[in-house]
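One structure below.
Just so it is clear, the structure is predicted and the values come from calculations on it, not from any experiment.
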Amino acid sequence: MSSERYNPRDAEPRWQQEWEKHEVFQTENDDPREKYYVLEMFPYPSGRIHMGHVRNYTMGDVVARYKRARGFNVLHPMGWDAFGMPAENAAMERGVHPASWTYQNIASMKAQLKVMGLSLDWNREFATCDPAYYQRQQHLFLDFLEKGLVYRKQSKVNWDPVDNTVLANEQVIDGRGWRSGALVEQRELTQWFFRITDFSQELLDALDTLDQWPEKVRLMQKNWIGRSEGLSLRWELVNGTAGDAAELTVYTTRPDTLFGASFLAIAADHPLARQVAATNPEVEAFCEECRRAGTSLAALETAEKKGIDTGIRAKHPLDPSWELPVYVANFVLMDYGTGAIFGCPSGDQRDLDFARKYGLPVVPVVMPKDGDAATFAIGDEAYIGDGVMINSRFLDGLSTEDAFETVASKLEKETFNGTPRAERKVNFRLRDWGISRQRYWGCPIPVIHCDDCGVVPVPKADLPVVLPPDVTFDKPGNPLDRHPTWRHVACPHCGKDARRETDTMDTFVDSSWYFTRFTAPWEDNPTDPKVANHWLPVDQYIGGIEHAILHLLYSRFFTRAMKATGHVAIDEPFKGLFTQGMVVHETYSRGEGAQREWVTPAEIRIEEIDGRRRAVLLETGEEIAIGSIEKMSKSKKNVVDPDDIIASYGADTARFFVLSDSPPDRDVIWSEAGVEGSHRFVQRVWRLVSEAAENLRATEAAPASEGEALAVSQAAHKTLRAVEADYDKLAFNKAVARIYELVNTLAAPLTQVAAGKADAALAGAVKDATTILINLIAPMTPHLAEECWREIGGEGLIAERGWPAFNPALVVENEITLPVQINGKKRADLTIARDADQSAIESAVLALDAVKTALNGSSPKKIIVVPQRIVNVVV
RNA sequence: GCGGGCGUGGCGAAACUGGUAGACGCAAGGGACUUAAAAUCCCUCGGCCUUGGCCGUACGGGUUCGACCCCCGUCGCCCGCACCA
């Protein structure tokens, strides 16, 4: 009888070596079994893995191990999203080269992942900064370029005038550059774009086919694509108010509210605004101010609504005698629609705020169906809903929908200067994807600029265009620009001196096809289409909700673009998507305001005195304030290092904990007590199994059909069925709860077996149940499962064994207990044969004491019998 | 600002398609074992009223025989917003 504690420090490396030796997790592309591709979003090599990674990769690993047991040929690869700004920041701050910084980080993070015991095929590993990877990305770029899916246009960037560098949105803090503190300007640069908008409608329509995606993600993408049906409408400008310009085209989705219009507004970058600004210093100043506001939409829209009158006047399309002012407004975007709107203050909150600020009229034109036209008025809130038209002349009394139709039909038939006054137009909010980055640590864009030949693609034979290693980061700006030789190159066309493109690609490009590359990472071409088409789509993709829009939408576009260029034959890259929640933790701090200092969880101890929790600094005993629970972050110091956890409890405990308690799509709160609970479970399973092991080894597994052993077999097989369903749904927390229940049920019988007090039937049932238990925990705590399996005399590795099948006879009940309600409140239970018919149930219910008392002699109004569920007696 | 989500005991949660609210775990309290501690095992554990009942799923309404679940409104918190990944 063994009673040693389970020692993960000994067991875990041992089983990891065993798996490696047997190449259990290496995947063959030509394996005949049905394929299953499970993938977690690959990490950015920041240096250390964090608990979010542990949770993400554990979930993927459970799916991979479970599906492998279910007989699938599983592909479960891992790689590194290795380009990006942090490497350049490290280079600037510490003088370390981005490449060596990145590869060192990869080495240490890989070591951390290895310790977790993940069932990954490391043979397919790559980093996106490997020239072997980005060479194929350049190949794809050239194919896209040839296909017309890439183009150049002018576009704005955040410009730091002191550092002379382009800033990312996150580097702009309160309108200033994060390092220089200079007021950020916007600059126009010629940049590269992918034509994602060519696919707007298709990307929208295909969302309906993604039935294994969370509804909320599909909705978010739908809103992001933002299809709207509206009217492109031309307004005549009053002669002489706008120089030579005679008209202004606005896009509107609400032509029905035209009689509520009180102003027109144009973007600061609208040609008309520029024209006015040229002669009007005030408008010029305002436009400048708008440009300084930054490129982020959030910044724009949270800013106070402001504008300035351009002096231009426009004639109302339905009443030429009605003149409206044209403003430049900070909330109108040049990229959307036509960069000009008409403002209807009663029907749009922004327009209302704007009108109140500048004293413009507010005429209600839509009121709720049951409203009173005489008294309906707009206060501080616009009425944006549907309803009935008022104050709208010939539209009065129509529904919003009919008014839209009436106005649209009327105006599209009218002409103005010989062409239709208005045109129905489908508009998308989605913009083309700008991929140019004025940075070093990214995939070089493989083109050459020649004075004579223009933009010339780098011939494929010359790929990869490799980043020069000898660069400096002592000053801001793009090191590729100031490299002494790199950008000088002969034009591939005419041979004359020419210049390389020094922009590199957005790192979202790297992550838009890595899942395809994993299917054949050794291929000379970007893909082996046959292999890619076999493995794709990814059956289960798992990652953070923060990627709900950009990464996933870009990948959906990229897959279509790769299809158009013959690299794959599919449209959708991810069949199943799961978005997991974050790992959050309490925060601890001392001091207040600017003096506030954050303290790491490792530096404190939690005490509970008289029901009050307090945190105490280990070193000094000083009391530390317990703050709110927040996403683990370096700045708040509320991080727990997975290495520390694994070192003290082992990987299985860490894995089990991140799957326990919280539903996987919700945040999980990391707590020391919770980890200890998981660790107790690991120890408990080991103790129960190992103590009984000697006797179990000598016993054949045999589910029982009667007596006390039957309950053991029923519990095991029911749990097997339930956990199977939970794993299929990725409901790991529920699987954990079921497994706890099973272990609780098995505790006494296992102890009996250990003491040699079990009869043959019970011993056989316990052996069967224990085997099932080991299979159930194997995906979550694989090392413990192997250790238990060997201990009870199992053959081979659990990681290579098939999933057990539950015995249908053991999971059905012949009798069921129905709750009995009286007037919707539970008052009694009724135990009755499972197949009892309605009348049998009714008479049994009426015979119950509680029901007799409630009825007090009278007969019930109604008896509702929901088969297999509940009975409700209405008295 | 716009878009999306979430809200259930002291805490994390469960509750199938509208059908027993609180499974399972954590924390806490009590007990057993121990010289003692740890570990382990057993019991209690939403609130209020003395047993039986009443109240209770953020808050206020509604639909229903029956609502954590559906509808309307309010409040609070979180995420995304196109150059962070």
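- The side chain of A/Trp224 lies closest to B/C81 when the candidates are B/C83, B/G5, B/C81.
- The pairing partner recorded for B/G52 is B/C49, the criterion being a Watson-Crick or G-U wobble arrangement whose two distances lie under 3.5 angstrom.
- Phosphate proximity of B/C16 to A/Lys729: absent, as no side-chain N or O sits under 4.0 Å from OP1 or OP2.
- Salt bridge status for A/Arg218 with A/Glu215: present, with a side-chain N to carboxylate O gap under 4.0 Å.
- Salt bridge A/Lys156/A/Asp269: present, at least one basic N to carboxylate O contact under 4.0 Å.
- Nearest to the side-chain atoms of A/Asn733 among the listed nucleotides B/A14, B/C26, B/G19 stands B/A14.
- In this structure, of B/G12, B/C24, B/C83, it is B/G12 that holds the atom nearest to the side chain of A/Ser662.
- In this pair, A/Tyr727 and A/Phe732 present their aromatic rings tilted. The plane angle is within the 30 to 60° band.
- Taking the charged nitrogens against the carboxylate oxygens, A/Arg437 and A/Asp506 do have a contact shorter than 4.0 Å, which makes a salt bridge.
- Base orientation at B/G9 is syn, since its O4'-C1' glycosidic dihedral falls within 90° of 0.
- Rounded to whole Å, the separation between the C1' atoms of B/G9 and B/G56 comes to 10 Å.
- For A/Arg687, taking side-chain heavy atoms from C-beta onward, the closest of the listed nucleotides B/A85, B/U40, B/U20 is B/U40.
- Here, B/U63 and B/C2 have their C1' atoms 32 Å apart, quoted to the whole Å.
- Atom name P, nucleotides B/C59 and B/C69: the rounded distance is 11 Å, in whole Å.
- When the C1' atom is used for both B/G1 and B/C65, the distance is 46 Å, rounded to whole Å.
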